[in-house]
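Comments concern the structure below.
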Amino acid sequence: MEPPLIGDALRYIGSNRNGISGYFLCSNRSKRSITLDLQRPEGCEVLHDLIAEADVLVQNYRMGVMDRLGFGYDDVRKFNPNIIYVSVDGFGPEGPFSGLPAFDQLAQAMTGYVAVQSDTANGKLDMVRTAVCDKVTAMNAAQAATAALFARERGAGGQHIHISLHESGLYFAWPDVMSNHILLGEGVVEQAEMSALYAICATRDGHVVYAPQSEAHFWLVAEAYGRGALRDDPRYTPGAFLAPGTVDFLFAELGDAFAEFSTDEVVARIRALDVPVAPVLWRKDIASHPQVVGAGLLVERTHAQAGRYRQPRPPAIFSKTATPAGSDAPTLGQHTAQILTGLGYDDARIKALRETGAFG
């Protein structure tokens, strides 16, 4: 459901054509769009009828808005007791921040993403420059709704699910971002944080990332680049590859060895050692990379409003139930009449509702 006239703000974020963005196209494929003005009683009447036939309702208004509209969980379960009602908000129903607005940037700030992106050498802070908390919250919401539907099939009935950006972000980041802050009490052997293994190394014409999974992996690469003498450096202790500071030192020293070689040369040499390695791709180069092309990861389509575009195929490959191609993201209100007809509304009623402004 979208508000009339302007629709979802995502329609206008990023590059767009004819008023619809690539961001929206890739985030809303295979969905239908109905516009409703919930400030009008006629719009609320339609929403009531939609919810009455729904299995799952997902809403991300600030806490209290749906209650004021008459569609809080306690209201809805009176006429649809089996509904799976998913509430997504910033900080959840408890705690001093409950009810406050939040966006991805705020959730990153409070759950360790900004901290782990910081440069420890100069103290400069940064964010993960993609909506990581938004996306992981959506994935948690989808998984939770699916689990609740399965439980309902087992006799549990309908239920209310709360999902917050803050808690989802914290849950997702906790195992690795907070790895040195999990164990409590005495006897903890301190090791480098996992983030120390995320190093970018410059080559003559670009950058590579390699991921040694053991000390032996590191020394294979070191020997291949004539840096075996690092074993005798006083800053290195045998068997202490993951000691705090040691990983940083070794990556920095070995990274210098790549600078005189091309990215392709470095990738080929390290790959020959069976050590994980990959080139750093600029965004303009991702779609044409041989792995993306060879595996057919992108599909091209033509949208009625936005024209030609490309997007990733669904990543899960099922052996028995092939993923259908699906439909394009909808234009604003494209399916309003179709959805209302499915509810049993006749043409006269749809026309009357349109005249009230319920659809904008």
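Positions are given from 1, in the same order as the sequence printed here.
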Would [X] and [Y] show up in the same hydrophobic cluster when neighbours are defined by side-chain heavy atoms closer than 4.5 Å?
{"X": "Leu254", "Y": "Ile270", "result": "yes"}
{"X": "Val209", "Y": "Leu197", "result": "no"}
{"X": "Leu332", "Y": "Ile34", "result": "no"}
{"X": "Ile20", "Y": "Leu10", "result": "yes"}
{"X": "Leu100", "Y": "Leu165", "result": "no"}

Heavy-atom pair of closest approach, residues [X] and [Y]:
{"X": "Val132", "Y": "Phe172", "value": "CG2-CE2, 4.3 Å"}
{"X": "His160", "Y": "Ser87", "value": "NE2-OG, 2.7 Å"}
{"X": "Met1", "Y": "Leu47", "value": "SD-CD1, 4.1 Å"}
{"X": "Gly296", "Y": "Arg313", "value": "O-NH1, 3.4 Å"}
{"X": "Gln213", "Y": "Pro276", "value": "CG-CG, 4.4 Å"}
{"X": "His335", "Y": "Pro330", "value": "CE1-CB, 3.7 Å"}

Return yes if some donor-acceptor pair links the side-chain N/O of [X] with the main-chain N/O of [Y] below 3.5 Å, else return no.
{"X": "Glu2", "Y": "Asp8", "value": "yes"}
{"X": "Glu190", "Y": "Val188", "value": "no"}
{"X": "Asn82", "Y": "Asp55", "value": "no"}
{"X": "Ser118", "Y": "Lys124", "value": "no"}
{"X": "Ser179", "Y": "Pro175", "value": "no"}
{"X": "Asp104", "Y": "Asp134", "value": "yes"}
{"X": "Glu53", "Y": "Leu343", "value": "no"}
{"X": "Arg204", "Y": "Glu260", "value": "yes"}
{"X": "Glu193", "Y": "Ser195", "value": "no"}
{"X": "Gln108", "Y": "Thr130", "value": "yes"}

Between [atom1] on residue [X] and [atom2] on residue [Y], distance to nearest 0.5 Å:
{"X": "Glu355", "Y": "Leu353", "atom1": "CD", "atom2": "CG", "answer": "9.5 Å"}
{"X": "Tyr73", "Y": "Ile161", "atom1": "OH", "atom2": "CD1", "answer": "9.5 Å"}
{"X": "Asp49", "Y": "Ile339", "atom1": "CG", "atom2": "CD1", "answer": "13.0 Å"}
{"X": "Leu170", "Y": "Met178", "atom1": "CG", "atom2": "CE", "answer": "7.5 Å"}
{"X": "Asp346", "Y": "Leu340", "atom1": "CG", "atom2": "CG", "answer": "11.0 Å"}
{"X": "Ile83", "Y": "Ile51", "atom1": "CD1", "atom2": "CD1", "answer": "7.0 Å"}

Only one of Arg301, Arg308, Lys31 forms a salt bridge (charged side-chain N to carboxylate O under 4.0 Å, His left out) with Asp328, so which one is it?
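Testing each of Arg301, Arg308, Lys31 against Asp328, the sole residue satisfying salt bridge (charged side-chain N to carboxylate O under 4.0 Å, His left out) is Arg301.
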So Tyr345 and Val46, side-chain contact (heavy atoms from CB on, under 4.5 Å) or not? Walk me through it.
CA-CA 10 Å; Tyr345 291 24; Val46 173; 4.0 Å; yes
So is Arg269 actually on top of Tyr225's ring, under 6.0 Å and inside 45° of the axis?
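Yes, Arg269 and Tyr225 form such a contact.
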Any chance [atom1] of [X] has more than 12 other-residue heavy atoms, nucleotides or ligands included, within less than 6.0 Å?
{"X": "Met194", "atom1": "CE", "result": "no"}
{"X": "Met127", "atom1": "CE", "result": "yes"}
{"X": "Ile286", "atom1": "CD1", "result": "yes"}
{"X": "Phe103", "atom1": "CZ", "result": "no"}
{"X": "Arg231", "atom1": "CZ", "result": "yes"}
{"X": "Asp74", "atom1": "CG", "result": "yes"}
{"X": "Tyr236", "atom1": "OH", "result": "yes"}
{"X": "Glu223", "atom1": "CD", "result": "yes"}

Under 3.5 Å side-chain donor-acceptor pair for Ser262 and Asp205:
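No, no side-chain donor-acceptor contact under 3.5 Å.
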Side-chain heavy atoms of [X] within contact of [Y], under 4.5 Å:
{"X": "Phe71", "Y": "His48", "answer": "yes"}
{"X": "His162", "Y": "Glu167", "answer": "no"}
{"X": "Pro4", "Y": "Arg40", "answer": "no"}
{"X": "Leu50", "Y": "Leu36", "answer": "yes"}
{"X": "Phe79", "Y": "Val76", "answer": "yes"}
{"X": "Tyr113", "Y": "Cys133", "answer": "yes"}
{"X": "Tyr85", "Y": "Arg77", "answer": "no"}
{"X": "Thr331", "Y": "His303", "answer": "yes"}

Identified side chain to side chain contact (heavy atoms under 4.5 Å, CB included) partner of Phe261 from the options Val267, Val208, Val266:
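That would be Val266.
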side-chain contact (heavy atoms from CB on, under 4.5 Å) for Leu230 and Phe249? Distances and angles first, verdict last.
CA-CA 10 Å; Leu230 289 173; Phe249 152 67; 4.1 Å; yes
Are Tyr210 and Phe251, when compared by the centres of their aromatic rings, separated by less than 6.0 Å?
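They qualify: ring centres under 6.0 Å apart.
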Could you walk me through whether Val299 and Gln311 pass the side-chain contact (heavy atoms from CB on, under 4.5 Å) check?
CA-CA 6 Å; Val299 294; Gln311 64 182 353; 4.0 Å; yes
Would you check, one step at a time, whether the test side-chain contact (heavy atoms from CB on, under 4.5 Å) holds for Val65 with Arg68?
CA-CA 5 Å; Val65 172; Arg68 291 195 295 273; 3.3 Å; yes
